[in-house]
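These notes are about the structure you will find just below.
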Amino acid sequence: MLLVNQIRENFARVLAGLQKRNFPNAEAVLNQAVSLDELRKSTQTERDQIQAESNAISKEIGILMREGKAEEAVKIREKTAELKVQIKDLEDQYSSAEEELRLLLYTIPNVPHTSVPAGKSAEDNEIVLESGIIPTLFEGKLPHWELIKKYDIIDFDLGVKITGAGFPVYKGKGARLQRALINFFLDEALAAGYMEVQPPILVNEESGYGTGQLPDKEGQMYFAAADNLYLIPTAEVPITNLYRDVIVAEQDLPIKNVAYTPCFRREAGSWGAHVRGLNRLHQFDKVEIVQITHPDQSYQTLESMSDYVQGLLKKLELPYRVLRLCGGDMGFTSALTYDMEVYSAAQERWLEVSSVSNFETYQSNRLKLRFKGEDKKTQLAHSLNGSALALPRIVASILENNQTPDGILMPKVLHSYLGFDKI
RNA sequence: AGAGAGUUGGGUGAGUGGCUUAAACCAGCAGUUUGCUAAACUGUCGUACGGGUUAUUCCGUACCGGGGGUUCGAAUCCCCCACUCUCUGCCA
């Protein structure tokens, strides 16, 4: 969430940013946040003064009791009764102002970076670059949901039997392709200096709040009610939360972590015409990269993460484009997001395979993720993450783009991982 | 899952209602000295919020797993919850 100081000190800039996101009633909400904070502060000042007075009397009573002057102690004890009532009253006011402010701040999205284009929807996203050659396929090309049946590598019907819609079963070369991609992505990340982590894939409520899935996206996560745990929608949640309530040394920045995990999304209400086959699933595999950086470095880091993801797509020989998301299409917690989309040649459409974002201090404020600099001052670090990469749509485009009448050719870079070169 | 014991600063760990302003030791940081695979001594050493000063800092409040309660006063007493360990049971 935003810092209330940030709102007060940069009111015009924050307001302009929220308007770029089309955030409704931005000015009124920001004004309310500032005045709630004023109320909180003035209440605290008053409460602290009375508390100090009360503490002084208690101390005096202790001294009198020890000296055996019980009568005097009883006399001054009477004074505390009134103070107690006042403290209780101010305490309640303070708590409710603080709570109200916190809940209000939860509803305010991050302020977009200056480079974020204005706009309302995906159509307003800015295409940064396109790379690779879109293949021209033969007559009789098939979309991936046909190819997986033809070669019997991914089975949705079996998934329905075992679990339900959106939980495919990968079989034979399909399963091996999954494993090859995961290993390839992890090895690449290791070579780029990321430390591999295997986090839990169920998380508690605090972790959900830490990265901003709660209270916003409650309905999008699977929930294990008996134990109060959420199935992760992305490895971002457990990895970033590793650094919740942590003060790191400045020389340990940047922190670079990578993890492979399955991801679980209920995707309530988001099924439509274009979500056939692997395009949208309830369970899918993803390798995620996370960085914790010094505030001065985060935008440089964002570019390097974008370059890194593009490098993976080049190695997989997939045509892709990079989008700079507009204010209206960006995630709630992000300050700047690049989406990478690959071209899926049989569906003849672009598919999002990665989203790389800088959250600046929006997550670290909630996480209390800070670092201590040379000047001994603690300040909030910046957090970033990106998919590197999400598997299903990569698989879809590999299958579609590389199909021939005689089979599907695998990208060269995967051959050693797969143990075969054609499906 | 049952029974018992626990949770105190970066770490170990003392502390059963008021000289606790949380001891002591270790680690860290700064300095002094001896001197060079290092030691000794001295000092310093948490976080958050608020207030006053702004050269620097000073003051207040809260924080001993989390939440609530008793009391003039709680690390300490009471209640609820979470987690850890030991034993028993179960189990890949």
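In what follows, every chain begins at residue 1, and chains take the letters A, B, ... in the order their sequences are listed.
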Could you check which nucleotide pairs with B:rG6 in any of the strands shown, counting Watson-Crick or G-U wobble with both distances under 3.5 Å? B:rC83

Give every residue pair that meets the ring-ring contact (aromatic ring centres under 6.0 Å, His included) criterion with at least one member in residues 159-182 of chain A, sequence neighbours excluded. A:Phe167-A:His282

Could you give the distance separating B:rU70 and B:rC63 at their P atoms, to the nearest angstrom? 16 Å

Name the pairing partner of B:rG31, where a pair is Watson-Crick or G-U wobble with both distances under 3.5 Å, or state none. B:rC41

Identify the nucleotide, in any strand shown, that forms a Watson-Crick or G-U wobble pair with B:rA92, with both distances under 3.5 Å; if there is none, say none. none

Pull out every residue in residues 47-62 of chain A that has a heavy atom closer than 4.0 Å to any atom of RNA chain B, ordered by number, or say none. A:Arg47, A:Asp48, A:Gln51, A:Ala52, A:Asn55, A:Ser58, A:Ile61, A:Gly62

Between B:rG18 and B:rA75, how far apart are the two C1' atoms, rounded to whole Å? 14 Å

Paired with B:rU53 by Watson-Crick or G-U wobble geometry, both distances under 3.5 Å: which nucleotide is it? none

With side-chain contact (heavy atoms from CB on, under 4.5 Å) as the test, pick out the partner of A:Tyr338 among A:Glu303, A:Glu126, A:Gln310. A:Glu303

Nearest nucleotide by nearest heavy atom, which residue falls closer to the 5' end of RNA chain B, A:Lys84 or A:Arg370? A:Arg370

Pairs in or reaching into residues 49-94 of chain A: which pass ring-ring contact (aromatic ring centres under 6.0 Å, His included), with residues at least two apart or in two chains? none

P spacing across the pair B:rA27 / B:rA39, given as an integer number of angstrom: 8 Å

Is there a Watson-Crick or G-U wobble partner for B:rU20 with both distances under 3.5 Å, and which nucleotide is it? none

Nearest heavy atom decides the nucleotide; on that basis, is A:Thr45 or A:Arg77 closer to the 5' end of RNA chain B? A:Thr45

Sequence-distant partners of A:Ser397, side-chain hydrogen bond (donor to acceptor under 3.5 Å, both in side chains), two or more places apart: none

Gap between atom CZ of A:Phe284 and atom OG1 of A:Thr234 - 0.5 Å precision: 7.0 Å

Provide the start and end nucleotides, 5' to 3', of the part of RNA chain B that has atoms under 4.0 Å from heavy atoms of chain A. B:rG18 to B:rG73

According to the Watson-Crick and G-U wobble definitions, with both distances under 3.5 Å, which nucleotide is paired to B:rA14? none

Euclidean distance for C1', B:rU8 against B:rA22 (whole angstrom): 8 Å

Tell me, please, which residues at least two apart from A:Tyr299 pass side-chain hydrogen bond (donor to acceptor under 3.5 Å, both in side chains). A:Glu360

Determine the interatomic distance between P on B:rU47 and the same-named atom on B:rU37; round to the nearest Å. 36 Å

Any residue meeting salt bridge (charged side-chain N to carboxylate O under 4.0 Å, His left out) with A:Asp92, in chain and number order, not counting sequence neighbours: A:Lys88

With C1' as the reference atom in both, quote the distance from B:rG15 to B:rU7 in angstrom, rounded to an integer. 15 Å

Rounded distance in Å between the P positions of B:rG13 and B:rA3: 27 Å

Pairing partner of B:rA74, by Watson-Crick or G-U wobble and under 3.5 Å for both distances, is none

By side-chain hydrogen bond (donor to acceptor under 3.5 Å, both in side chains) - contacts of A:Asn365 (at least two apart): none

For B:rC63, give the paired nucleotide (Watson-Crick: N1-N3 plus N6-O4 or O6-N4; G-U: N1-O2 and O6-N3; both under 3.5 Å), or none. B:rG46

Does a donor on one side chain sit under 3.5 Å from an acceptor on the other, for A:Glu9 and A:Asn5? no

Suppose you measure atom C1' in B:rC41 against the same atom in B:rG46; what distance do you get, rounded to whole Å? 25 Å

Can you tell me which residue pairs pass the ring-ring contact (aromatic ring centres under 6.0 Å, His included) test with a partner in residues 224-259 of chain A, sequence neighbours excluded? A:Phe223-A:Tyr230

